[in-house]
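Notes to accompany the following structure.
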Amino acid sequence: MDDFLELAGKKFKSRLLTGSGKYHDERIIKEILETADCDIITVALRRVDFNNPQNNIVNFIPQGKQLMPNTSGARTAEEAVRIAKLSKEMGYGNWIKIEVIKDSKYLLPDNLETLKATEILVNDGFAVFAYMQPDLAMGRRMAQAGATAVMPLAAPIGSNKGLLMKETIRIMIEEIDTPIIVDAGIGKPSHACEAMEMGAAAILLNTAIAASKNPVLMAKAFKNAVEAGRLGFLAGFAKESSVSASSPLTGFLD
């Protein structure tokens, strides 16, 4: 069965996207990507050392992977747009994940500024991935603005608390035609599996793998969880009931 994640005119086999931060040794990123079978990885442009190309984080990402630079560190739409254009000028393509965060305590994104940046960058030819607080109305506006994907957080970034925003994300999946990629807060493979069972197009996570005791083994666990959730969603779940025997209740021996 062919089942691809289609984004910005490209097809990807994997529905697990990863970040590139928090690793104790960035040389492990290549093994993580191979183990998780990831096609797409996001990189904070502020981590790119333009003055020291040899130690550039991008050097640790194997060729052939789709790079998704992000605007981490931006506090306004204007700053996000400036970072996106800098990324493109540096040769990192036209994919950009918009992160606009003013809140330094909980690190929650500013949806209105994200929408403004999305509108500007879509008009400039970028494939925009809009990281946001789960909100149906704002998600619809970002989709209408031309976002390639809408990326609601499951829980505050780096918290590993799982699907705290489950019901709102479920509604967004049902009501928005643009791909919904669940981003941030996913801490366990079971969280990722549940989001995929709900019908999410993909999962993006970082801390759960990077901060685990065995990142490579955890990458494999998440790969399997995302695939299991996707297969379950495609297969369709049996309806819940109070009691339903799986074998006939007739024909017993006397």
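No experiment lies behind these values; they were computed from the predicted model shown.
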| query | For Asp177, does the CG atom have more than 12 heavy-atom neighbours from other residues, nucleotides or ligands under 6.0 Å away? | reply | no

| Counterpart residues, ring pair (Phe, Tyr, Trp, His ring centres under 6.0 Å), relative to Phe129 (two or more places apart) | Trp95

| task | Give a yes or no on whether a salt bridge exists between Asp124 and Lys88, defined as a side-chain N under 4.0 angstrom from a carboxylate O. | result | no

| task | Check whether Ile209 and Leu217 end up in the same hydrophobic cluster, where Ile, Leu, Val, Met, Phe, Trp and Tyr are linked by side-chain heavy atoms less than 4.5 Å apart. | result | no

| note | Hits for side chain to side chain donor-acceptor pair (under 3.5 Å) against Thr178, two or more places apart or cross-chain, chain-then-number order -> none

| remark: Between the CZ atom in Arg15 and the CE atom in Met196, the distance rounded to the nearest 0.5 Å is 5.5 Å

| message | Is any side-chain heavy atom of Leu205 closer than 4.5 Å to one of His191? | response | no

| message | Using the side chain to side chain donor-acceptor pair (under 3.5 Å) criterion, which residues pair with Glu197? Sequence neighbours excluded. | response | none

| message | Walk me through whether Ile41 and Leu17 qualify under side-chain contact (heavy atoms from CB on, under 4.5 Å). | response | CA-CA 6 Å; Ile41 182 169; Leu17 289 59; over 6 Å; no

| side chain to side chain donor-acceptor pair (under 3.5 Å): which pairs involve residues 229-240, sequence neighbours left out? | Asp3-Arg230

| task | Ignoring hydrogens and angles, tell me if any N or O in the side chain of Asp103 forms a donor-acceptor pair with the backbone of Leu108 under 3.5 Å. | result | yes

| note | Rounded to the nearest 0.5 angstrom, the NZ-OG1 distance for Lys30 and Thr35 is 9.5 Å

| field | Any Ile186 side-chain heavy atom under 4.5 Å of Phe222 side chain | value | yes

| To the nearest 0.5 Å, how far apart are CD1 in Ile180 and CD1 in Ile173? | 6.5 Å

| note | Sorted by chain and residue number, the side chain to side chain donor-acceptor pair (under 3.5 Å) partners of Thr71 (sequence neighbours excluded) come out as none

| note | Quick note, side chain to side chain donor-acceptor pair (under 3.5 Å) partners involving residues 133-161, not counting sequence neighbours, are Arg140-Glu175

| query | Roughly how far apart are Leu33 CG and Ile29 CD1, rounded to 0.5 Å? | reply | 7.0 Å

| query | Residues two or more places apart in sequence or in another chain: which of them pass side chain to side chain donor-acceptor pair (under 3.5 Å) with Glu194? | reply | Lys166

| field | Atom pair CD1/CG of Ile176 and Leu136 - distance to nearest 0.5 Å | value | 5.5 Å

| message | Contact between Val150 and Ile181 at the side-chain level, heavy atoms closer than 4.5 Å - yes or no? | response | no

| query | Where do Ile83 and Ser72 come nearest, in terms of heavy atoms and distance? | reply | CD1-O, 4.4 Å

| Remaining members of Leu164's ILVMFWY cluster at a side-chain heavy-atom cut-off under 4.5 Å? | none

| query | Rounded to the nearest 0.5 Å, how far apart are CD of Glu174 and CD1 of Ile169? | reply | 12.5 Å

| Leu67 versus Val43: any side-chain heavy-atom pair under 4.5 Å? | yes

| query | So which pairs with a foot in residues 214-229 pass side chain to side chain donor-acceptor pair (under 3.5 Å), sequence neighbours left out? | reply | Lys223-Glu227

| query | Going by side-chain heavy atoms closer than 4.5 Å, which hydrophobic residues are tied to Phe237, directly or by a chain of links? | reply | none

| Flag side-chain contact, heavy atom, 4.5 Å: Met198 against Leu163 | yes

| remark: On a heavy-atom basis, the closest approach of Asn206 and Ser20 is OD1-N, 3.6 Å

| request: Could you tell me whether Arg170 atom CZ has more than 12 heavy atoms of other residues or ligands within 6.0 Å of it? | output: yes

| message | Any side-chain to backbone donor/acceptor pair from Thr118 onto Thr114? Under 3.5 Å, distance only. | response | yes

| said: Quick one, Met132 and Met172 - any side-chain contact, counting heavy atoms below 4.5 Å? | reply: yes

| Main-chain N/O of Gly125 paired with Asn94 side-chain donor or acceptor, under 3.5 Å | yes

| query | For Ile96, which fellow cluster members are found when Ile, Leu, Val, Met, Phe, Trp and Tyr are connected by side-chain heavy-atom distances below 4.5 angstrom, either directly or through intermediates? | reply | Val81, Ile98, Val100, Ile120, Leu121, Val122, Phe126, Val128

| Can you check side-chain contact (heavy atoms from CB on, under 4.5 Å) on Tyr131 and Leu153, steps first, answer last? | CA-CA 7 Å; Tyr131 172 58; Leu153 58 85; 3.7 Å; yes

| query | Are any side-chain N or O atoms of Asp39 and backbone N or O atoms of Ser14, one a donor and one an acceptor, separated by less than 3.5 Å? | reply | yes

| said: Side-chain heavy atoms nearer than 4.5 Å, only ILVMFWY residues, links allowed to pass through others: does that put Met142 and Ile171 together? | reply: yes

| task | Look at the side chain of Lys65 and the backbone N and O of Cys38, then say whether any donor-acceptor pair between them is shorter than 3.5 Å. | result | yes

| query | At their closest point, which heavy atom of Leu16 faces which heavy atom of Ala36, and how far apart are they? | reply | CD2-CB, 3.9 Å

| field | For Glu78, side-chain contact (heavy atoms from CB on, under 4.5 Å) partners two or more places apart | value | Thr76, Glu113

